[in-house]
Amino acid sequence: MHAYLLTHYGSGGLQHGTAPEQPPASGEVTIRLEAIAVNPLDWKIRNGWLAQMIPLALPGVIGSEGSGTILEVGPDVVDFAVGDRVAGFIDSGAFAEIAVTRAARLVRLPAGLSMAQAAALPTAAEAATRMLTLLRPEEASTVVVNGAAGAVGSMVTQLLARDGHRVIGTASAANHDYVRSLGATPISYGPDLVDDLRRQADSGIDAGYDTTGHGFIDRVAELVDPHRVVTIADFEAGAQGAIVAGGDPTQLSINDGVREVIDLAAAGGIRVEVETTYPFDALAEALSFSERGHLRGKVIVAGYDRSPAEISLA
Ligand SMILES: NC(=O)c1ccc[n+]([C@@H]2O[C@H](COP(=O)([O-])OP(=O)(O)OC[C@H]3O[C@@H](n4cnc5c(N)ncnc54)[C@H](OP(=O)(O)O)[C@@H]3O)[C@@H](O)[C@H]2O)c1
């Protein structure tokens, strides 16, 4: 099968190649991937920044999330059947045509979602619901979301707005209309952040949701008590009292909260923004686009043109 192989850490480390297919073991299924979502996790792994936390045998297939159709079901899998449309977290690496993963890491897709939308949902929904479980605001609170236009930020923003909270979301100017469409008041994260936040929330801010770091918790500490901020991106923030919503990315699974968000998206209750879609042949460019750090929603890779592979994983 065609796959992208990480041959060495660094920006040029991904090469289009071929890799052998593996049979599914107990509790696993094989999927033909139709759409792959790019996550910051993927280029952090490619760059070698997580080599200690997630050790890999190189060359190997990476990629964390995708959607497709089940080709084969391993022993002891009872919830899925061949032909099911699914999305979720991918054990064997999502940058491939065919992948094997634990069934517990997948959700069967409700009608109403395209494969691209489905691929865009699991990580964002899992991270957003984890943040909201760790820090649930009082009724009708005023809250701030840092990085409201990003994949996780878009999700947290919409879930908070749906729950009746007043949401202020930081984003670059180009994404302000988009953030408004998610139900939030946009402000910029530039030098005027604190003044703008104070102006928008004169009666105080109950909670903060930091999806992107960049010193946000320190910068807004005079307006938002760090103990009332949850972050998925600033792992030093525990020292200031913030709630760090960490998690081993290789062990994330689909829970009821994620299923609810996916159902809501399929019913049109949540917007799933795909900023751009790259063909499989341009997967390395899709990672570069994500790495620039100014996403609106998600970057998706879909469509296999099958140009000749450069290398082979025997
Ligand atoms: N711990 C976990 O379990 C977990 C799970 C998922 C993700 N994450 C991490 O969470 C982070 C966000 O993930 P994502 O998928 O949502 O990323 P993403 O889609 O790439 O979004 C990043 C966002 O950061 C914003 N941004 C850029 N510079 C900024 C600044 N100086 N101040 C504030 N915001 C800024 C961008 O806003 P504009 O586009 O408007 O400029 C962009 O929307 C990543 O570091 C990822 O690795 C952690």
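Ligands are counted one by one from 1 in listed order, and the atoms in each one are counted from 1 as well.
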Atom indices of ligand 1 within 4.0 angstrom of [X] heavy atoms, with elements:
{"X": "Ala245", "result": "1 (N)"}
{"X": "Gly293", "result": "24 (O), 25 (C), 26 (N), 27 (C), 36 (C), 42 (C)"}
{"X": "Gly297", "result": "19 (O)"}
{"X": "Thr211", "result": "10 (O), 11 (C), 12 (C)"}
{"X": "Gly150", "result": "16 (O), 19 (O), 21 (O), 43 (O)"}
{"X": "Arg130", "result": "2 (C), 3 (O)"}
{"X": "Ala127", "result": "5 (C), 6 (C)"}

Return a yes/no value for [X]: is any of its N or O atoms, backbone included, closer than 3.5 angstrom to an N or O of ligand 1?
{"X": "Ser172", "answer": "yes"}
{"X": "Gly213", "answer": "no"}
{"X": "Leu295", "answer": "yes"}
{"X": "Thr123", "answer": "no"}
{"X": "Thr212", "answer": "yes"}
{"X": "Lys44", "answer": "yes"}
{"X": "Arg296", "answer": "no"}
{"X": "Tyr189", "answer": "yes"}
{"X": "Asn175", "answer": "yes"}

If the condition is side-chain hydrogen bond (donor to acceptor under 3.5 Å, both in side chains), which residues does Asp263 pass it with, not counting sequence neighbours?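 For Asp263, no residue satisfies side-chain hydrogen bond (donor to acceptor under 3.5 Å, both in side chains) once neighbours in sequence are set aside.
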By side-chain hydrogen bond (donor to acceptor under 3.5 Å, both in side chains) - contacts of Ser181 (at least two apart):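 Result, side-chain hydrogen bond (donor to acceptor under 3.5 Å, both in side chains) vs Ser181: Arg271.
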If only side-chain N and O atoms count, and only distance matters, is there a donor-acceptor pair under 3.5 Å linking Tyr189 with Thr212?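 Judged by distance alone, the side chains do not pair up.
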For ligand 1, indicate whether the residue Ala171 contacts it via side chain, backbone, both or neither (heavy-atom separation under 4.0 Å).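 The answer is both.
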Looking at CD1 of Ile31 and CD of Glu72, how far apart are the two atoms once the value is rounded to the nearest 0.5 Å?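 Those atoms lie 12.0 Å apart.
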Mutual orientation of the aromatic rings belonging to His16 and Phe280 [parallel < 30°, tilted 30-60°, perpendicular > 60°]: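 Answer is perpendicular, since the angle exceeds 60°.
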